[in-house]
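Remember, it's 1-based here, ligands and their atoms both numbered in the order they're listed.
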Amino acid sequence: MKSTSFFANLAGGLLSLNAVTASQADWTTLNATVGGRLQVGVPFSQPCFPHAAGGPKVQNEALCAEIQARNEDHIFRAQHFGAYELTQWEQCQTQKGDECMMDWTNPTNAAAFAPPRQCRQGSVPPVYLEVNDVDDVRAAYNFTKKTKVPLVVKNSGHDYIGRSAGPGSLALWMKNLQKIELETQFVPAGCPPATKPALALTIGAGQQFRTILDFAKENNITFAAGADPSVGASGGWVMGGGHSGLSPTFGLGVDRVLEFKIVTPDGVLRTANKCQNEDLFFALRGGGGGTFGVVLESTFVVEPTITVQVVLGMYNATRENSKKLIQELAKGAEGLAADGWGGYVTPALASGVWLHPSFSEEEAQKSSQSLLDAFASVGGSHMFFTMPTFTDFFDTFIAPNTDQVGRPQVLATRLFSGAALSDPVTVDAMIDGMLDSDFGQILAVTPYNVKDTGTSVNPAWRKAVWHTLMSYNWNFGSTLDEIVAQYNKLTEKWAVVRERTADSGAYLNEADVFEPNYQTAFWGDNYDKLLAIKNKYDPDHLLDCWHCVGWKGPQDPLYKCYPDPSGTLKSSSSEEKRESDPIKDEL
Ligand SMILES: Cc1cc2nc3c(=O)[nH]c(=O)nc-3n(C[C@H](O)[C@H](O)[C@H](O)COP(=O)(O)OP(=O)(O)OC[C@H]3O[C@@H](n4cnc5c(N)ncnc54)[C@H](O)[C@@H]3O)c2cc1C
Ligand SMILES: *[C@@H]1O[C@H](CO)[C@@H](O)[C@H](O)[C@H]1NC(C)=O
Ligand SMILES: *[C@@H]1O[C@H](CO)[C@@H](O)[C@H](O)[C@H]1NC(C)=O
Ligand SMILES: *[C@@H]1O[C@H](CO)[C@@H](O)[C@H](O)[C@H]1NC(C)=O
Ligand SMILES: *[C@@H]1O[C@H](CO)[C@@H](O)[C@H](O)[C@H]1NC(C)=O
């Protein structure tokens, strides 16, 4: 496609339903500033469609077959700019037909690609730039400041609340920043020479857990990574909290990060650590991605290789058994957290797995008695394993069983303290929510034994022993009403849990899109301080995202694809949206 015609279409509003767009000249100038590297944001499934909207033939059978076969491949999706792990962020949920998607329940379903369906842009940013250096970020800030075209930062595209997508936006894609560098004597820049040096790993913004864990194994170190191969370590994961199965012993990502290199919205490359730009360092340790600037790299403290003790529990996952098992596990949960165990319980896999980074086999057997008893109480069984590295644990127990992607999925989650888990009403409401949903999971991944050293995550994390989630999907071709019904079901199902844990909160990276009182739920008392830091470094709000610190609110055009389940978020009429549906319910 000729650049001029592409930018002309964009400027003319043909490629985006967003009211905000720049002139053709503005786009062309930006493209020249970045050496002609602006790219068209092609939706992931486009090769399966005979035609792009109003455009030429785009079908590519070989590519289409690969995309269909690998629809649920986390790493493959993360390698494609036009893909999001949760596919509602590829579509415009409020505009039926404004999407370019396969039928996730049957990716080879040809009806998904047949007229009147077309490949439409949905929420995929129409233009993006692969960031190579500071100047790329500066050029984007300049452009957004002048044109008001919203700027979005995208890394792996795992975000559950859509903060790395956005209709009509210019996106910065971080994937080229692949640095990975181990230092044995790292001292944060600007700290006094007497500062105790650390074994530390510096990670470029585009690095993902798969390569980091392989690097760690080869280099005899341990990185406390999350439970997914393609989540990025230096992006949303760490800025929002960053949990790991090792967190009960080693803390969250925010507890382990020592330094960030970030381009703030004034165009300045800053180093943020405990000795300089301390306010920014606080904000980046929990305040959320896409808010305070564009991070180019971050440095984490790492451990030498550890031997991991593992307990695998298995059971016959009838509803009754799952309920009894979780009730029993809840009783022992605080004791296990205090002993440093992390773990994941997944009824859909009829199993739970726990890990410990420092116990001997004997200590592991002794301290896990409550787990063994819980599985025995439902006629289940258990096995012990000793894994030589955390990477081996990940490869054996996590990688083959990652949470499903390549479909729309919406979550509700909560952090549970030991006290909350000793209240049977709360526990039963949590269990019913999990088991009555499409996918539920208990994650024992809280920093129970790690004191806060100035992070901005909700302090409720420190008391919590479990982070649990429930979720719903919706089928391909769902109407807005059907989508809204799933959001509402989440809210209803989780209401008792929220009421009875009013002093707790939720993990902002794995949250309900419509989390009530999100400022308090995500940050507790830290919100006001975070807002002041946001306003200091980004007074013009060049960066903005859904439920982020200093959020502009749902009426901004960037959020026009978010539904409005309560009917109170947006003042504009939903009637208008329904009437302008490009495609009626043809499937
Ligand atoms: C299948 C799956 C498994 C998961 N497992 C875990 C887990 O085990 N532990 C855990 O803690 N979380 C987990 N998550 C949640 C994960 O932490 C969030 O989705 C997180 O937002 C991903 O960050 P990202 O940068 O990789 O993704 P993106 O969606 O690309 O970005 C997320 C947010 O960060 C911003 N951002 C990204 N890069 C930068 C940057 N360089 N500078 C500034 N802002 C940036 C984006 O603008 C966006 O707001 C999981 C999610 C999924 C879908
Ligand atoms: C940017 O300019 C280059 C070089 O002229 C061109 O190849 C490219 O297609 C342009 N980008 C877009 C999105 O049109
Ligand atoms: C951004 O704008 C500033 C101020 O106009 C200018 O000095 C700078 O060169 C611009 N940077 C880029 C990379 O476009
Ligand atoms: C890691 O440890 C192994 C076994 O002790 C050793 O052979 C190897 O050289 C070490 N690798 C590095 C990069 O230090
Ligand atoms: C699980 O329990 C159900 C109900 O008791 C029983 O019908 C089924 O055979 C059991 N499955 C296994 C694998 O034990």
Check your understanding: Gly242: heavy atom below 4.0 Å from ligand 1, yes or no?
Key -> yes
Study note, to complete from the structure: Among Ala233, Ser156, Gly235, closest by heavy atom to atom 24 (P) of ligand 1 is Ser156
**Study point:** Proximity winner for atom 30 (O) of ligand 1, if only heavy atoms of Val152, Asn155, Leu508 are counted
**Key:** Asn155
Point to revise | Polar atom proximity, Phe7 to ligand 2 (N or O, under 3.5 Å) | key: no
**Study point:** Polar contact flag for Met174 and ligand 1 (N/O pairs, less than 3.5 Å)
**Key:** no
Point to revise | Asn316: numbered ligand 5 atoms lying under 4.0 Å from its heavy atoms | key: 1 (C), 2 (O), 3 (C), 8 (C), 10 (C), 11 (N), 12 (C), 14 (O)
Check your understanding: Which of the numbered atoms in ligand 1 are below 4.0 angstrom from a heavy atom of Asp159?
Key -> 19 (O), 21 (O), 29 (O), 32 (C), 33 (C)
Point to revise | Proximal atoms of ligand 5 relative to Thr318 (non-hydrogen, under 4.0 Å) | key: 2 (O)
Point to revise | With Arg210, the salt bridge (charged side-chain N to carboxylate O under 4.0 Å, His left out) member among Asp395, Asp73, Asp228 | key: Asp395
Review point. Quick one: is the NZ or CZ of Arg285 closer than 6.0 Å to the six-membered ring centre of Phe281, and within 45° of its axis?
Key: yes
Exercise for review: Only heavy atoms count here, so choose which of His74, Arg163, His243, Arg77 is nearest to atom 48 (C) of ligand 1.
Suggested key: Arg163
Check your understanding: If you measure from each heavy atom of Gly293 to ligand 1, is any distance below 4.0 Å?
Key -> yes
Check your understanding: Out of Val127, Leu30, Asn31, Thr28, who gets a non-hydrogen atom closest to atom 6 (C) of ligand 2?
Key -> Asn31
Review point. Taking only heavy atoms of Ala205, which atoms of ligand 1 are found under 4.0 Å from at least one of them?
Key: 41 (N)
Review point. Which ligand 1 atoms does Leu86 reach within 4.0 Å, using its non-hydrogen atoms?
Key: 53 (C)
Study note, to complete from the structure: Nearest non-hydrogen contact to atom 2 (C) of ligand 1 from the set Trp89, Trp237, Tyr160 belongs to Tyr160
Review point. With a 4.0 Å cut-off on heavy atoms, is Gly157 touching ligand 1?
Key: yes
Check your understanding: Does Val295, backbone or side chain, put an N or O under 3.5 Å from an N or O of ligand 1?
Key -> yes
